[in-house]
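Every chain is numbered from 1, with letters handed out A, B, ... down the list of sequences.
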Amino acid sequence: MIRIEQLNQKYGGTQILWNLDLEIERGSCTCIMGRNGAGKTTLLKCLMGLLPASSGQILFEGRPIEGSAAQARAKMGIGYVPQGRDIFPLLTVEENLQIGLPARRDGLRRIPERIFELFPVLRDMLHRRGGDLSGGQQQQLAIGRALVIDPKVLILDEPNEGIQPNIVRQIGDVVMQLNAEDGLTVILVEQKLGFARRVGREFRLMQKGSVVAADKMANLDDGLIRQYLAV
Amino acid sequence: MKFLLHSLWLVAALLLPAGSPLAQTPPTAPAVGELLQQIPNASLKKTGELVQQLEQAGGAEMRPLFEAMLAGELYAVKESDKLVAVTKDRAGRLVGREIFNDRKLAAFASRDLKKIRVNNRLRSQLRDAIARIDLLHGSEEQQHAAVLSILDDLSSQNMRLLRSAETAGASAQVQEVIALADAMVQLRDSRVLEERLAAIEIMSGRLEAPVRNQLQRLLNDDGEQEVAVKAAAQKALDKIAGRVEFYGQMEQLFFGLSLGSVLLLAAIGLAITFGVMGVINMAHGEMIMLGAYTTYVIQQLMPGAIEYSLLLAVPAAFLVSGGVGVLIERGVIRHLQGRPLETLLATFGLSLILQQAVRSIFSPLNMQVVTPGWMSGSLVINPVFSLTYNRLYILLFALAVFAALVAILKKSSLGLNVRAVSQNRDMAKAMGVRTELVDAMTFGLGSGIAGVAGVALSQLTNVGPNLGQSYIIDSFMVVVFGGVGNLLGTLVGGFSLGVANKFLEPATGAVLANIIVLVCLILFIQKRPKGLFPQRGRAAE
Amino acid sequence: MNTLSALRSFGQWFAEFRQPGRGSSWLVGILLLVTLTMSAANLLLPADSPLYVSTYTITLMGKYLCFAMLAMAVDIIWGYCGILSLGHGAFFALGGYGMGMYLMRQIGDRGVYGNADLPDFMVFLNWQELPWFWFGMDQFWFAVLMALLVPGLLAFGFGWLAFRSRVTGVYLSIMTQALTYALMLAFFRNEMGFGGNNGLTDFKDILGFDLQADGTRVALLLATTLLLVLAFLSSRAIVQSRLGRVIVAVRDAEARARFLGYRTEHYKVWLFVYSALIAAVAGMLYVPQVGIINPGEFSPLNSIEVVVWVAVGGRGTLYGAIVGALLVNYAKTRFTALMPDAWLFALGALFVIVTVYLPRGLAGIFERFAVGMRREKHGEKSWRENSGQLSAGEVSA
Amino acid sequence: MRRDTTWPFLIPRRRMVDVSKDIILYLEDLNVSFDGFRALNNLNLYVNDGELRCLIGANGAGKTTLMDVITGKTRCDSGSAWFGQNIDLLAHDEAEIAQLGIGRKFQKPTVFEAHTVFHNLELSLRCGKGVWRALTARLSGSERDRIDEVLSIIGLESSRHQLAGALSHGQKQWLEIGMLLAAEPRLLLVDEPVAGMTAEEAERTAELLTSLAGKHTVIVVEHDMEFVRSIARTVTVLHQGSVLAEGTMDQVQNNRDVVEVYLGEGA
Amino acid sequence: AETIKVGVLHSLSGTMAISETTLKDTVLMMVDEQNRKGGLLGKKLEAVVVDPASDWPLFAEKARELLTKDKVDVIFGCWTSVSRKSVLPVIEELNGLMFYPVQYEGEESSKNVFYTGASPNQQAIPAVDYLMSDLEVERWVLAGTDYVYPRTTNKILEAYLESKGVAKEDILVNYTPFGHSDWQSIVSDIKKFGSAGKKTAVVSTINGDANVPFYKELANQGVSSEDIPVVAFSVGEEELSGIDTGPLVGHLAAWNYFQGIDSEANEYFVQQWKKFIGDEKRVTNDPMEATYIGFNMWAKAVEKAGTTNVDAVEQAMIGIEFPNLTGGVAKMNKNHHLSKPVFIGEIQDNGQFEVVWATDDVVAGDAWSDFLPGSKDLIADWTAPIKCGNYNTESKACSGQAK
Ligand SMILES: Nc1ncnc2c1ncn2[C@@H]1O[C@H](COP(=O)(O)OP(=O)(O)OP(=O)(O)O)[C@@H](O)[C@H]1O
Ligand SMILES: Nc1ncnc2c1ncn2[C@@H]1O[C@H](COP(=O)(O)OP(=O)(O)OP(=O)(O)O)[C@@H](O)[C@H]1O
Ligand SMILES: NC(N)=O
Ligand SMILES: [Mg+2]
Ligand SMILES: [Mg+2]
């Protein structure tokens, strides 16, 4: 589904990603982990096209996409839930959801019911400003918003940061459901081991801008954790 | 020499075939021809006397002559000293027509014609003469106007005219004014107390200036002994003053709204480029200027259709300014993504360039934009209260533009996309929004609307290279006062600044009013640091 | 990995080097050198010597330096504290008027009407006596005091109101613009007693020295240079002190600074007053050199132009502001003579090109030059772009 | 309009908070509403001196708002807030409250992006915050040591000269905690400190906060239950702007209401 | 020098460009013409054009530049009084020579400046005389832009009107800022003021840009020239070219020149101008004639003096005569002001003026008004033995000249 080869990225002079390789299979649910500053967010932004890579290749369904703009990638079917949620604060919940409609490939111009089935709370909040929602509601909105464009791949960057436990659970359930039932490919950045273990089926470990380990989630052992996640 | 010409003309007139216009519609008295003959070579003073004699000799039939003279269309053919009315046609040719029967004549060359000079004094004389003619022969409206103008001069001769008009069967409206004139004469001439009091009763509350002036004179007149008359006059005058005061307030309100509509028009485009997009657009004024110049160009291109030129100018100005706006966005602003303060610098540079470009292309002089007939003059509600059409239309136009803009931003996906992009560009991209297109369209829209404002302003003020500069500061003030990013704020802001200014002006003068409004604005912002309609919620912090 | 750590340590060194204002002492040297040489060349060389510097050039230089000082004043609050003042011309002009009033009183009975008590413009508009606010202005010390006190108090009052109510961003900018606009309209009024549109002019001498004399002009230039250098040094001291860091902190995260215990409004007010005073001093030096002060100096467009100088030079670096002011004004002088019909095209294009291609102004090139480390430069740029996003929110919010 | 117009140099230096009754924070009947929405609803809360108190509650329960009220950011509609026996928090503004010794870490990490990590800490040091003081201030040796110490605690020694704007999200979290430490406040309000940290880092943060308790009073808001469990002595649960439950972790965890609105089944 | 340099100091950008650019072109045309005639003293003339950009301090700087860097022999320049005041000290310091071609408030006479525009007694006073005698005006609105020219002119007019027995309440004075564009209230006030039963006129010293909206508002509120005529001192053919003059027919202006005045010289001048500027529609106006006269007088004076030396030319200038474009002869007086005829014209719908009144003879420009208390005793005389610009006939001394 997604294949990243020899990706390098720099913020001006400082190189963040170093010859990074990554492969994501169709229908998988991959959890990317690594310490603070390892470059996870940077990787996802490169994937989404929000940051230019300085070299390397990104293949989406076999086609190179590193030249295309973020909006084009959205239309190809990459949905993005950024770290910190990035809700449009002054738009209503409904408007936040509507934004993505034109990017749908099937031409649907109404917010799909499915979203409200997954997140009933959004229906109640339809006419409130996104910025006024609480953190947990915003997170649900962010996921819902990404789903509006009917993505083939869903990218989630630390979706549980600052979210109350029962909603964390709920989000986990939704992600698993999407992955299992709708066959959505999921890429998830997560720090909390518990959640990662529960939701993810594969893992990739990052350190200093490179992927240093990749395997099934079941094989994530204490050794790896100590080596790459402990401080 | 003169005598010779004179006799020649006489001979010619006698010899003229029956088809000759003068022979066909001969002015009633033979003297008329002779008088007409003298006009081309008369001094201004002499012309005045001639006009007087013509009126007496020719009566109502002289109206076309007087009209042509008043309109400055009266010429003499140099060779023959024959009088003709000449106007320019669409192509700029001089076309003549016979004065008394409107028959078309061949086109003239300007060197063959001599203009009959008219001055101010002559013009008022002509106007009076026409009024007298109209009183008897004119339409109802003309009669009404004529009677009103006679109120100024209630000579016995004029009163006789009124009498005959009355007997000739004037409409009720005209009758009423004639009755007023009668009352004024009564008050002036009568010795009978009751009659005079009755006259004052009729005059009481009337808004016509001569009525007021007569009452005022009466009060100031030490020779007037009748206490009751003076008291009644005072009462009548007070009543008039009350009504005048009321209409004065109405007028001020209209002035204020009208000024507000100008501010609104000037600011509304900025409310988008600056308010929504966050570009400190110093070239906004120049977008207005481009709109005004577009109006000028349109009028140049279609000199025959001045009446419709504005209707065409509105979309044209939108396209021109909007197009330039899109170019600016694509060429410059786009490179300044995320550096909003720097847009100030670039757009300032652009405004200099645009100003100088206009100077180079059109010359530094003001261009003449013609006001179409339907926008000239005013809607007279009563003698002390009238609304000028241009201001009225501009007020309506401003509201229409505002409504259209709100509709676009609320109903189309552009509005939603613009707001999304301005709140979080990256996230909008990630949602598939074509941010570049949205930016260009939005800037184009804001600029285009500025251009449309330019069309309206061309009807009020100079169309010159400095047009834009005079509005840029006010525009920013209005947008900020209303609350950045809030269109309704711009509307309310514009109108309240306009009205405040106009209500202060009578007391303080234009300059001080402006200063006071500015100081109040500064103090107001201390109370509401985010303008009239601030963005609310925690997101705005 | 080795190169990485080398880069890192270089970055550390660079970050410390890049402390605002540091490493720009060269500017002081050049300024002093140039003006001293020019002065000597004007006074000591004969007029026909090829190296002779004309009084015209001296006066021009003096004017540029006044503008440079004004630009620096704007940069201190805009570049360092993020307060974009679109009305700093007001303080400049008030300082100028203070000096102008003094110079006006020095004319004494040498005016056209020979009235020792009243300036000419008052005589022909039938003023009977000197308005109260003109009293004492014939004393140099008092005039200077007033020329500092009035703009200082205005800045204090305005800043106190605005910063206390937390007026920020464009709201503040437009209010400063309203302030200078209101002052412009007020000073245009002849009733104000400042000569209306004509302003104050036809000065004869200052402190007893003939304003037309070369010596006086050179002295004025030197005084301007000296004060500019002083203002530069003191401003640099400020921005390099902890105060300077608090100010930058206020610019970037005012709420954070407040929760650390800083009364940010006090910092802003004092900085605003300081900046206004520098602007006033610039105005005071400007008037005797150009020979006129009129309400046009209050025009908002003038103030915007100052901001443009700063942006061209590179905001957030004191020397950038100075260089920007000198360059733009020199360009203006040259262009208006070389291509009087088309100079606005050139100047406008200059502004556009600088913004698009030199995001950090001339100082940006200079830094690239001086540091020679393109990578580091970019490193910072990317961060700046991010912070730009922040302020974009601030503008549109 | 602000009620006081006193210049900082006129304010008596650092008034000591009186905690003779062992309670450092009294919050009584607090009400805050935004456009008719009640964010805090008759809230009562007492915090003992030297305590480490955990504050949990659903998203939108009003935790951050509560901190806003304590630190002077948000004015409450009614109620009272006292710092110790003698200081009425409602009569002070943000800067004064900070100077009184209440430090705060924001939910969204906020640092001075144009400054280096080092200078961020320098600006946070506990010292005079007046304009004049700032102008004349020179870093003393002990202050420098203090900064170094904090740097090593937060693990950013190697980034000391990096601009804070270029730090990653998690690094900014640490830096902000470091800024709190440097300020040595009496009362620390810590809003979601471990969001975006690895379990390992969270553990370190827990250790750090526990070690601070005693000398300082700490109020922590966090959604990470594991983390809360590891540090908590007393836990207060907020719900819809008022206190829903208070007690030890165990008590709270077994409270039906809390489970229903917050923890969820099986947590 | 191989050429004689002529400095041109008129704003080509900024607010005044609208008026001043024309004068720059006029000077260039005159220079061309003179060169075609063989130049002066056997040398070609060379124009040095700079742009002071409507920025008053810049005027002073540019004047200094022209005199010291370009070493020009004469400057033609300035429009607004403030720009003239700004360059005056420079011109005097460097002993330059300047010709100022615009009507102004008077109260000045410098050794280094020749004033070829009208002073108030050559424009304002005759206009008021005309209104009073011919139109029997009894009530007066003095409307002006708030700056020194209107202020002074109106002061003079007030004194003059009062001396003619006009009551104070029959005079309404109103000032507006530069570029004022919202005239609704003021026109409405004028209407009210004029409806008191006495013939009312507006004497307008409204400056340039503010006129278009002013006249538009007058027309729209139905104030016609027969009801309340407006006589303007700053509205010429060029200003009218930017206005739709249809509704303005009959309003008045007072000048020393109108394009429409028939004379051979004028016809030639107008044709020459249209050809030079390449636009058949361009018009001429009074300040252009003043430039024309000034330029030709200077040329004559240079030939008379045989040098371009400022002192020599200055002395040679006095008494020089040159034909007006309107017929008759203009003469440079001892006070550096001209003697010129005064015309009152009525606006026509083609944007031209029709002369309705003219002085019988030329009027000598007065540097110091007789109607201002401060200056009624002052005269200017640049010939020996007085040789000063402000000689007090009472105290027999030149005030302010104690250098
Ligand atoms: N705008 C920027 N400019 C320069 N450097 C940056 C920028 N953004 C991030 N970095 C650096 O890039 C590195 C990787 O950051 P990134 O945000 O990708 O980390 P992360 O793995 O997502 O960390 P976290 O778990 O804390 O979110 C960090 O060291 C950070 O300092
Ligand atoms: N400035 C504001 N304007 C409008 N509503 C606000 C504002 N600040 C807070 N709220 C509302 O008040 C409620 C409480 O918000 P608060 O931030 O205190 O919650 P919280 O308990 O900190 O939640 P979280 O755990 O998600 O951070 C929320 O519903 C929020 O929408
Ligand atoms: N001199 C003038 N008209 O300013
Ligand atoms: Mg991250
Ligand atoms: Mg919170």
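- Looking at A/E190, neither its backbone nor its side chain comes within 4.5 Å of chain D, counting heavy atoms on both sides.
- Contact check for D/D224 versus A/K192: side-chain heavy atoms found under the 4.5 Å cut-off.
- Within 6.0 Å of atom NZ in D/K172, more than 12 heavy atoms from other residues, nucleotides or ligands are found, so the atom counts as buried in its surroundings.
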Could you list the donor-acceptor pairs under 3.5 angstrom formed by side chains in residues 47-57 of chain A, with sequence neighbours left out?
| from | atom 1 | to | atom 2 | distance (Å) |
| --- | --- | --- | --- | --- |
| A/S54 | OG | A/N8 | O | 3.0 |
| A/S55 | OG | A/N8 | ND2 | 3.1 |

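- Every residue two or more places apart in sequence or in another chain that forms a salt bridge (Lys or Arg N to Asp or Glu O under 4.0 Å) with A/E95 is listed here: B/R419.
- Interface residues of residues 36-44 of chain A toward chain D, defined by a heavy-atom distance below 4.5 Å and sorted by number: A/N36, A/G37.
- Distance alone, capped at 3.5 Å, is enough to place a donor-acceptor pair between the A/N166 side chain and the D/Y262 backbone.
- Atom CD of A/Q83 and atom OG of D/S168 lie 8.0 Å apart (nearest 0.5 Å).
- If you measure heavy-atom distances from A/L193 to chain D, you find no contacts under 4.5 Å at all.
- Of all heavy-atom pairs spanning D/E192 and A/G162, the tightest one is OE1-CA, 2.9 Å.
- For a residue to count as touching a neighbouring chain, one of its non-hydrogen atoms must lie under 4.5 Å from one of that chain's; by this rule D/V221 does not touch chain A.
- With sequence neighbours left out, the salt bridge (Lys or Arg N to Asp or Glu O under 4.0 Å) criterion links D/E226 to no other residue.
- Most heavy-atom pairs under 4.5 Å with chain D: of the set A/E161, A/Q191, A/Q164, this distinction falls to A/Q164.
- Nearest approach of D/N59 to A/I167, heavy atoms of both residues: OD1-CD1, 4.3 Å.
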